Every structure is written in structure tokens, then in C-alpha cells.
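What follows is a single structure, written as C-alpha cells, with notes after it.
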Amino acid sequence: MPKFLIQVNFNQEAAKRLIEDGGTKRAAAVQELMRQQEARLESLYFSPQNDGPDAFAIVEVPVGGADALGALALAGRTGGITLTARRIFTPEELDKLAAKSKSVPVPGK
């Protein structure tokens, strides 16, 4: 399954709820949401800094499973959370992509 790096920013209210509820409860909620979407939470880390994302997650999403990322984004948005998702690759996956890209013509050349 493709993996994505999710970067999460909390607004002030969401950060307050996180402190009140704790990280374990939040992780369980994300894990359940991913399970409902046939996706999997691989890891979740919190990074309460002054700048940059407040949390990071690695999720596995079924091929064609953009619905899982959409559900996560919508659930976050209603809870004062903004997230970005980036497709990430293992070294082996990157090798395969690199081999395929060599045969793709570059526009304008």
C-alpha cells in the first residue's frame, strides 16, 4: 500500500483539547478512523514546537484510497486541525520510479 507522510497543525483550541485528552486518546481516534477507511496508521508523533507542524504521521492507504486521506482531512478540519499529505517512497520504490522516469521524454527537449 502507498505510504503518506501527514503533517498536522493544530489551532489553539485543538491544541488545548490535545493537552486535555492526551496523545494516546488522539492516536486511538486516528487509528480507528484509518481502520474505517481500510487504511493503516503506521506511526504518529507529536512535536509541540513554536513553528512547524505539531504532529507527524505515517499512514498506509490502499491504492486508489484518496477517500481515506479525504476523510482524515475533513475530520481534522472540523476539529481545528489542518493537515498536508505527501506520498513517500521506500528506497526500492524510488529505484523503480527512477527507472521508469528515464524513459519519459522531457517536454521541450
Side-chain angles (χ1 to χ4, degrees):
M1 280 196 283
K3 291 185 182 187
F4 291 83
L5 169 65
I6 308 294
Q7 297 177 319
V8 183
N9 291 299
F10 299 110
N11 69 12
Q12 196 168 17
E13 185 60 33
K16 181 181 173 186
R17 284 193 316 270
L18 176 63
I19 291 168
E20 290 171 357
D21 293 345
T24 305
K25 185 176 179 181
R26 182 63 53 94
V30 172
Q31 203 161 25
E32 176 59 21
L33 179 61
M34 291 289 90
R35 187 193 64 72
Q36 291 172 7
Q37 300 299 317
E38 298 178 356
R40 185 178 78 84
L41 175 66
E42 183 176 296
S43 60
L44 175 63
Y45 294 93
F46 295 98
S47 180
Q49 308 291 321
N50 289 332
D51 59 341
D54 299 307
F56 299 87
I58 304 290
V59 298
E60 285 186 316
V61 177
V63 173
D67 292 350
L69 296 177
L72 187 61
L74 185 59
R77 182 64 77 187
T78 59
I81 299 167
T82 304
L83 63 86
T84 57
R86 295 181 62 137
R87 173 74 164 92
I88 57 175
F89 302 92
T90 66
E92 296 79 14
E93 290 171 329
L94 188 61
D95 289 347
K96 288 178 185 177
L97 285 173
K100 287 180 183 179
S101 71
K102 290 177 183 174
S103 64
V104 175
V106 177
K109 286 194 174 187

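None of these values were measured; they are calculated from a predicted model.
When side chains are defined from C-beta on, V8 does not count as touching F46, because their heavy atoms never get closer than 4.5 Å. Using a 4.5 Å heavy-atom threshold, the side chains of V59 and M1 count as separate. Annotation: side chain of K16 is not in contact with side chain of Q12 (no heavy-atom distance under 4.5 Å). V61 is listed as a side-chain neighbour of F4, based on a closest heavy-atom distance under 4.5 Å.
Annotation: R87, atom CZ; neighbour count of heavy atoms from other residues, nucleotides and ligands within 6.0 Å is above 12. Within 6.0 Å of CD on E32 lie more than 12 heavy atoms contributed by other residues, nucleotides or ligands.
Looking at D54, its side chain does come within 3.5 Å of a backbone N or O of F10 through a donor-acceptor pair.
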(request) Decide yes or no on side chain to side chain contact (heavy atoms under 4.5 Å, CB included) for L5 and F56, but give the supporting numbers first. (result) CA-CA 7 Å; L5 169 65; F56 299 87; 4.3 Å; yes
(request) Go through R26 and I81 one step at a time and tell me if the side chain to side chain contact (heavy atoms under 4.5 Å, CB included) criterion holds. (result) CA-CA 12 Å; R26 182 63 53 94; I81 299 167; 3.5 Å; yes
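Considering only residues two or more places apart in sequence or on other chains, E60 meets the side chain to side chain donor-acceptor pair (under 3.5 Å) condition with R40. For Y45, the side-chain contact (heavy atoms from CB on, under 4.5 Å) partners two or more places apart in sequence, or in a different chain, are S43.
Across all non-hydrogen atoms, the minimal contact from G52 to N9 is O-OD1, 3.3 Å. In this structure, G80 and A14 approach most closely via the heavy-atom pair O-CB, 3.5 Å. Nearest heavy-atom pair, P62 versus P2, reported as atom, atom and distance to 0.1 Å: C-CD, 4.2 Å.
Rounding to the nearest 0.5 Å places CG of L44 at 10.5 Å from CD1 of I6.
The pair K96-E93 does not count as a salt bridge, with every side-chain nitrogen at least 4.0 angstrom from each carboxylate oxygen.
L41 and I58 fall into different hydrophobic clusters, defined by Ile, Leu, Val, Met, Phe, Trp and Tyr side-chain heavy atoms under 4.5 Å apart, directly or through other members.
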